[in-house]
Amino acid sequence: MESQGTVETVNRHKQLGLTDGQVIDMYRFMQLGRKYDERSLLLQRAGKINFHVSGIGQEAAQVAAAFALDRENDYFLPYYRDYAFVLTAGMTTRELMLSVFAKAEDPNSGGRQMPGHFGSKRLRIVTGSSPVTTQVPHAAGFALAAKMQKKKFVSFVTFGEGSSNQGDFHEACNFAGVNKLPVIIFCQNNQYAISIPAHKQLGGKVSDRALGYGFPGIRVDGNDPLEVYRVVKEARERAVAGEGPTLIEAMMYRLSPHSTSDNDLAYRTQEEVDANWKKDGIAAFRTYLTGLGLWSDEQERDLAAEYNLELKEAITYAENAPFPKPEDTLLHVYDESGLKGGA
């Protein structure tokens, strides 16, 4: 089914129970995700880091979803474009920079994985693996644990529309539907699976697939953070009430290339990209806040200066941090607890 979008009116966020301070914080996190992403692209082009997978254009939906969840108790299984999401969940720009510079202090993987393999025990961000879509059955597993332990947390998993064609997606949906698990399955449909447009990979809507598994599927405008917030919040309420999973398909557009190894203009036109820049969710949300008198050009300049300084400090720290040692290779690979004391 389609979620019913609303005409933009004064104080839409108040109708959703969001305060002025919360929507300002949402906008700040959107911009932080965007600035981090842009700076990482520049670092790669300058030869400072090896690789970057961009998520520009997807920040509004990611931040809105994070605000709709319980960031003190829920479990998160993001995919490799979710910088804005993990920053909103509590990761820092320093931690992310340690990851892209592959340093030993990287909390995600100790500098072993490519950037975008998020993981934080402190924040309940479940470590991702390289094969796409494996996080979806993992999310079903965490939701099963919540149900078995009778705990009121949900698992929230994200992926792209290309991943919705993998077997892991369908197996996880079937398992979650049969067992009515408290999991939110959040597809970020950014129109391209690397270089293949959506119309060549999908015969219908991702959200419609939920029908076959016995739970609701909702398509939402991913450029409208307030609508994404509403839909995810309602999905969470369903989950903790024991009503089972929800599949959400957030429609958006990847404004940047797939990665720094990608020439996106080999498979799409500049005119198409430019047209979608006009729909950018961050710009639209700034217009909304400005229209309510909650944001100004002066605040925008102050925010840009604040984030430039924060990123500069994070980059300086990460550049100077030590690399992993060769002997660190086997750290966290084996559980050595049973070997202590001669056992």
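Not measured: the values here are computed from a predicted model. Numbering starts at 1 and runs along the sequence shown. These numbers come from the heavy atoms of this one structure, side chains and all, not from hydrogens, waters or symmetry mates.
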Please determine whether ring pair (Phe, Tyr, Trp, His ring centres under 6.0 Å) holds for the pair Phe323 and Phe101, giving the CA-CA distance in whole Å, both sets of side-chain angles, and the decisive distance to 0.1 Å. CA-CA 9 Å; Phe323 284 103; Phe101 278 94; 8.6 Å; no
Might you point out which heavy atoms bring Gly162 and Ala193 nearest each other, and give the distance in Å?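 Smallest heavy-atom distance, with atoms named: CA-CB, 3.8 Å.
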Heavy-atom pair with the smallest gap, counting every atom of Pro78 and Thr158: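 Nearest pair, atom of Pro78 first, then Thr158: CA-OG1, 3.4 Å.
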Would you tell me whether [X] and [Y] have side-chain atoms, one donor and one acceptor, within less than 3.5 Å of each other?
X	Y	answer
Asp274	Gln270	yes
Glu249	Gln188	no
His52	Ser259	no

List in chain and number order the residues that pass side-chain contact (heavy atoms from CB on, under 4.5 Å) with Ala84, two or more places apart in sequence or in another chain; answer none if no residue qualifies.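 Scan of Ala84 (side-chain contact (heavy atoms from CB on, under 4.5 Å), adjacent residues dropped) gives Glu59, Gln62, Val63.
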salt_bridge([X], [Y]) N-O dist < 4.0 Å:
X	Y	value
Asp221	Lys279	no
Glu237	Lys233	yes
Glu310	Lys35	no
Arg12	Asp224	yes
Lys48	Glu319	yes
Glu227	Arg230	yes
Asp328	Arg112	no

Greater than 12 external heavy atoms within 6.0 Å of Leu42's CG: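 Enclosed: over 12 neighbouring heavy atoms sit under 6.0 Å from CG of Leu42.
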Indicate yes or no for a side-chain donor-acceptor contact from [X] to the backbone of [Y] under 3.5 Å, with no hydrogens or angles considered.
X	Y	result
Lys151	Ala146	no
Gln44	Phe51	no
Arg238	Pro245	yes

So which pairs with a foot in residues 210-247 pass ring pair (Phe, Tyr, Trp, His ring centres under 6.0 Å), sequence neighbours left out?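 Of all non-adjacent pairs touching residues 210-247, none passes ring pair (Phe, Tyr, Trp, His ring centres under 6.0 Å).
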Specify whether Phe85 and Phe156 have parallel, tilted or perpendicular ring planes, treating 30° as the upper limit for parallel and 60° as the lower limit for perpendicular.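 Plane angle under 30°, so parallel.
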Mind telling me whether Tyr83 and Tyr36 have parallel, tilted or perpendicular rings, with 30° and 60° as the class edges?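 Tyr36 vs Tyr83 ring planes: tilted.
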Arg286 NZ/CZ over Tyr27 ring centroid, <6.0 Å and within 45° of normal: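 No cation-pi geometry.
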Kindly indicate whether a cation-pi arrangement holds for Arg71 with Phe67, taking the cut-offs as under 6.0 Å to the six-membered ring centre and within 45° of the axis.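 Yes, a cation-pi geometry.
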Criterion salt bridge (charged side-chain N to carboxylate O under 4.0 Å, His left out) on Arg122 and Glu95, from CA distance to verdict: CA-CA 13 Å; Arg122 168 176 62 92; Glu95 289 174 325; 3.0 Å; yes
Any chance the rings of Tyr79 and Phe159 have centres within less than 6.0 Å?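 Centroid distance Tyr79-Phe159: not below 6.0 Å, so no.
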I'd like to know whether Asp37 forms a salt bridge (charged side-chain N to carboxylate O under 4.0 Å, His left out) with Arg81, so could you lay out the CA-CA distance, the side-chain angles of the two residues, the decisive distance to 0.1 Å, and finally the verdict. CA-CA 9 Å; Asp37 207 323; Arg81 299 190 194 279; over 6 Å; no
Approximate separation, where rounding is to 0.5 Å, of Thr19 OG1 and Lys14 NZ: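 NZ of Lys14 is found 8.0 Å from OG1 of Thr19.
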